[in-house]
Peer 1: 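This is the structure I want to talk about, given as structure tokens.
Position 1 is the first residue of the sequence; numbering continues from there.
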Amino acid sequence: PLVEPKLLDFLGPAFDGESLGRVAEHLRSGGLVAMPTETIYGFGCVPDPNPVGRLQLLKRRGSDKPFLLLIDSANSVPELKWSREALELASAFWPGALTLILSDPAGRFPPGVRSGKGGVAVRVSPHPLVQALLGALGGPLVSTSANVSGGVPALGAERAFELARELGVGESMWVLDGGFLEASNPSTIVDCTGSVPFVIRSGTIPLNRMRCVLPELDEKH
């Protein structure tokens, strides 16, 4: 018989610690999840080579398009190189739909999370379920949109469940139902790996708002 992904109810306002603990344990043992973020549902795993490789296969995605890390604060990834500009943007716009790309000088994160140029994309999500899960996990969570590359990302758990099933992922994927999300713009992405930060994707947070914090910020030409 076909083994289905597992659908779990996280619709209540408070998350039960025991359920979160089970999800964290599933992730630590290499499992995958689908969960709501502040923009769309994402597929996630811990930043270890094995689950990251499975996520790449699932998304049919090479290491040239790395996944991002959801973190609970700038302090949770001290291995990454935080420029003054990155810290200023983080303190102004996190939690929120701003993704920062930072250098990983020690190569702490695996390919698929770390780009060929040595950058790692990080974001602090305001979604309460993501925050609770990161607290239970005690470390960062890899995240990528819940879709087949190029397809429309899921905005609800049912669609994320169907996608997981279509992709043939089975019981290693736990779908966390946190309700239906309103359609929104993707996060804004700022590359902070060089001497001058620049916007590589415009999204929810417009450039003019970020320029209130960093007047020198520009878009990549």
Peer 1: Closer than 3.5 angstrom, by distance alone: can the side chain of R211 be matched with the main-chain N or O of L217 as a donor-acceptor pair?
Peer 2: yes
Peer 1: Tell me the closest heavy-atom pair linking L7 and A157, and the distance in Å.
Peer 2: CD1-CB, 4.1 Å
Peer 1: Using modelled atom types only, decide if a donor and an acceptor are shared between the side chain of Y41 and the backbone of G178 within a distance under 3.5 Å.
Peer 2: yes
Peer 1: For the side chain of W94 and the backbone of L98, is there at least one donor-acceptor N/O pair under 3.5 Å apart?
Peer 2: yes
Peer 1: Check for a donor-acceptor pair, side chain of S103 on one end and backbone N or O of P105 on the other, with a separation under 3.5 Å.
Peer 2: no
Peer 1: Answer yes if the side chains of K65 and T144 hold a donor-acceptor pair under 3.5 Å, and no otherwise.
Peer 2: no
Peer 1: Looking at S202 and V199, would you say the former's side chain and the latter's main chain have a donor-acceptor pair under 3.5 Å?
Peer 2: no
Peer 1: Within the distance-only criterion (no hydrogens, no angle test), does the side chain of T188 pair as donor or acceptor with the backbone N or O of G203 below 3.5 angstrom?
Peer 2: yes
Peer 1: Does the side chain of P66 come within less than 4.5 Å of R114's, by heavy atoms?
Peer 2: no
Peer 1: Under 3.5 Å, is there a donor-acceptor pair between the side chain of T204 and the main chain of N185?
Peer 2: yes
Peer 1: Is the backbone N or O of S145 less than 3.5 Å from a side-chain atom of K59, with the two atoms forming a donor-acceptor pair by type?
Peer 2: yes
Peer 1: Would you mind reporting whether P197 and D191 have side-chain heavy atoms less than 4.5 Å apart?
Peer 2: no
Peer 1: Report yes if some heavy atom in the side chain of F15 is under 4.5 Å from a heavy atom in the side chain of P128; otherwise report no.
Peer 2: yes
Peer 1: Taking side chain as C-beta onward, heavy atoms only, is N147 less than 4.5 Å from F43?
Peer 2: no
Peer 1: Heavy-atom distance under 4.5 Å between the side chains of F93 and R209, does that happen here?
Peer 2: yes
Peer 1: Please examine the side chains of D72 and V124, heavy atoms only from C-beta on, and report whether any two atoms are closer than 4.5 Å.
Peer 2: no
Peer 1: Considering residues at least two apart in sequence or located in another chain, which fulfil the ring-ring contact (aromatic ring centres under 6.0 Å, His included) criterion with H26?
Peer 2: W174
Peer 1: For R201 and S187, test the side chains for any donor-to-acceptor distance below 3.5 angstrom and give the result as yes or no.
Peer 2: yes
Peer 1: Suppose clustering is done on Ile, Leu, Val, Met, Phe, Trp and Tyr with side-chain heavy atoms closer than 4.5 Å. Which residues sit in the same group as L11?
Peer 2: none
Peer 1: I'd like to know if the side chain of D104 reaches the main chain of F109, judged simply by a donor and an acceptor atom lying under 3.5 Å from each other, with no hydrogens or angles considered.
Peer 2: yes
Peer 1: If you measure from CG on L68 to CD1 on I189, what distance do you get to the nearest 0.5 Å?
Peer 2: 7.5 Å
Peer 1: Tell me, do L27 and V33 make a side-chain contact under 4.5 Å, heavy atoms counted?
Peer 2: yes
Peer 1: Looking only at atom types and distance, does a side-chain atom of E219 sit under 3.5 Å from a main-chain N or O of I200, one as donor and one as acceptor?
Peer 2: no
Peer 1: Just so I know, are the side chains of T37 and L70 near enough to count as touching, which here means a heavy-atom distance under 4.5 Å?
Peer 2: yes
Peer 1: Whether R165 and E162 form a salt bridge (side-chain N of Lys/Arg under 4.0 Å from carboxylate O of Asp/Glu) is what I want to check.
Peer 2: no
